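Take a look at the structure set out below.
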Amino acid sequence: GENMMRAKQWFLSVLSLLGCFGLVAASAQAAGSDLKFCLEEDSPPYSYKFGKKIGGFDYDLSRELAARLGRTFKVQWFETENDEENIPKLEANALLSARLCHLIGGYPLIESALGGAVQGTFRLPDHDGQKRSERHKLFKLGVVTASVPYNRAVFAAIIGPGFSGKVNSLDDFAGSRIMAEVATLPGVLLMRHNKGALIDDTSHISPLKNLLKIMDTGKGDITLIGLHRFERYRFRNPQTKLRFAGYVLPLGFNLGYAALNTSKDLLRDVNKALAGMLADGSLKSFAVKNSMTLMAPQKPDVMGKLRLP
């Protein structure tokens with residue numbers, strides 16, 4: 001919910017930056033067998049399940065992926081909170097290692113989110129069909145690897161009706177009523193830009209308050225925020241006057257599917273199908289259908305250490 005969105009923020013936020021090893025039986029890869037995807041239940045427009053309302057970009061993409069691989073599409077919905085007790089990387093590993101799914105959609109391709117885990121075991125996040133007895137059960141963790149990327153998480157300029165002109169760089173924020181979240185990466189970058197040139201135009205908001213909602217009341221003209229956060233806000237508030245100005249920071253990270261490293265054959269097939277969907281325009285059409293801005297992945301596929309521009 002606030003879940004991976006917060007997790008993705010967390011991976012990139014300056015102040016808080018940071019199994020079974022047995023081979024899956026060959027029959028699990030057989031045509032016609034289930035292909036299970038773990039998707040977040042409260043992450044529109046990527047994926048969502050609100051009562052009977054089910055969908056999202058990652059949902060549509062995963063369903064098409066299963067079809068192209070000749071497998072039966074199944075979803076394991078889950079939610080994750082990002083606090084001291086919940087560590088998204090370990091929860092994701094547990095979902096895969098407990099065999100609740102073969103693939104996790106919309107996964108951040110960041111070095112620190114992949115690989116093994118020194119902890120060795122971890123529990124599952126809250127998920128559909130969870131039994132009470134499972135709540136504290138620990139699962140042996142495997143080694144997480146990923147598909148090729150198919151989308152990219154970016155920080156974007158979001159503007160209100162009071163903003164006029166084009167946004168081609170952070171310089172274009174000058175002279176407008178800027179809103180920034182305290183102690184977040186976009187907030188830090190706005191403050192550092194051009195030796196503090198934007199400081200006098202900026203109002204600081206606590207990350208606990210809803211910056212976009214405050215901006216929608218007309219209290220600010222422009223902000224820098226995760227594009228997914230804005231699109232999630234717009235999904236929930238279709239009447240919003242805010243819009244994406246088209247400018248994104250070069251800084252960001254790719255998104256792909258996570259799987260255990262024992263699923264090499266499956267990942268090879270997934271990568272091939274994703275390349276096909278990129279080529280035939282399916283990826284783009286799923287984005288359009290879900291009012292989502294599809295961002296082209298950038299090299300390297302997996303981001304290493306964060307370096308501030």
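Just so you know, these numbers use all the heavy atoms, side chains as well, and skip hydrogens, waters and symmetry mates. Since we're looking at a predicted model, the values are computed, not measured.
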Could you grab the distance from atom [atom1] of [X] to atom [atom2] of [Y], nearest 0.5 Å is fine?
{"X": "Ser43", "Y": "Glu41", "atom1": "OG", "atom2": "CD", "value": "10.5 Å"}
{"X": "Phe139", "Y": "Thr121", "atom1": "CZ", "atom2": "OG1", "value": "10.5 Å"}
{"X": "Leu138", "Y": "Ser97", "atom1": "CG", "atom2": "OG", "value": "12.0 Å"}
{"X": "Leu266", "Y": "Lys264", "atom1": "CG", "atom2": "NZ", "value": "12.0 Å"}
{"X": "Gln76", "Y": "Asp128", "atom1": "CD", "atom2": "CG", "value": "6.0 Å"}
{"X": "Lys89", "Y": "Thr80", "atom1": "NZ", "atom2": "OG1", "value": "14.0 Å"}

Please answer whether the main-chain N or O of [Y] pairs with a side-chain N or O of [X] as donor and acceptor at a distance below 3.5 Å.
{"X": "Lys195", "Y": "Arg192", "result": "no"}
{"X": "Asn237", "Y": "Gln239", "result": "no"}
{"X": "Arg123", "Y": "Ala94", "result": "no"}
{"X": "His127", "Y": "Pro125", "result": "yes"}
{"X": "Asp172", "Y": "Ser169", "result": "yes"}
{"X": "Thr223", "Y": "Met179", "result": "yes"}
{"X": "Tyr257", "Y": "Val148", "result": "no"}
{"X": "Arg234", "Y": "Ser291", "result": "yes"}

### Query
Salt bridge or not for Arg68 and Asp269, using N-O below 4.0 Å?
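Salt bridge absent between Arg68 and Asp269.
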To check you understand the geometry: which heavy-atom pair defines the closest contact between [X] and [Y], and what is its length?
{"X": "Ala180", "Y": "Thr202", "answer": "CB-CG2, 3.7 Å"}
{"X": "Ser147", "Y": "Leu274", "answer": "OG-CD1, 4.0 Å"}
{"X": "Leu189", "Y": "Leu251", "answer": "CD1-CD2, 4.1 Å"}
{"X": "Glu181", "Y": "Leu211", "answer": "CG-CD1, 3.6 Å"}
{"X": "Pro45", "Y": "Asn290", "answer": "CB-O, 3.4 Å"}

### Message
With side-chain hydrogen bond (donor to acceptor under 3.5 Å, both in side chains) as the criterion, how do Thr293 and Glu231 come out once you've worked through the C-alpha distance, each side chain's angles and the decisive distance to 0.1 Å?
### Response
CA-CA 8 Å; Thr293 311; Glu231 292 187 329; 2.6 Å; yes
### Task
For side-chain hydrogen bond (donor to acceptor under 3.5 Å, both in side chains), just list the numbers for Ser33 and Arg71, CA-CA rounded to whole Å, side-chain angles, deciding distance to a tenth of an Å, and then say yes or no.
CA-CA 5 Å; Ser33 64; Arg71 307 275 293 273; 3.0 Å; yes
### Query
Do Val167 and Leu198 share a hydrophobic cluster, counting only Ile, Leu, Val, Met, Phe, Trp and Tyr and linking them when any side-chain heavy atoms are less than 4.5 Å apart?
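Val167 and Leu198: one cluster.
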#### Entry: Phe244-Phe230 aromatic ring centre distance below 6.0 Å
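Not close enough - the centres of the two rings lie 6.0 Å or further apart.
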### Task
Could you tell me whether His228 and Tyr46 have their ring centroids closer than 6.0 angstrom?
yes
### Message
The test is side-chain contact (heavy atoms from CB on, under 4.5 Å); show your working for Lys74 and Leu35 and say whether it passes.
### Response
CA-CA 6 Å; Lys74 289 275 173 22; Leu35 185 56; over 6 Å; no
### Task
May I have the step-by-step check of side-chain hydrogen bond (donor to acceptor under 3.5 Å, both in side chains) for Asp216 and Thr240, ending in yes or no?
CA-CA 7 Å; Asp216 230 347; Thr240 180; 2.7 Å; yes
### Query
Checking side-chain hydrogen bond (donor to acceptor under 3.5 Å, both in side chains) for the pair Asn254/Asn151: CA distance, chi angles, key distance, verdict?
CA-CA 6 Å; Asn254 295 330; Asn151 191 10; over 6 Å; no
### Query
What orientation do Tyr59 and Trp77 show, parallel under 30°, tilted 30 to 60°, or perpendicular over 60°?
parallel
### Query
Relative to the ring of Phe173, is the ring of Tyr247 parallel (under 30°), tilted (30 to 60°) or perpendicular (over 60°)?
perpendicular
### Task
Taking atom CG of Asp280 as the centre, report whether more than 12 heavy atoms of other residues, nucleotides or ligands fall under 6.0 Å from it.
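Correct, the count exceeds 12.
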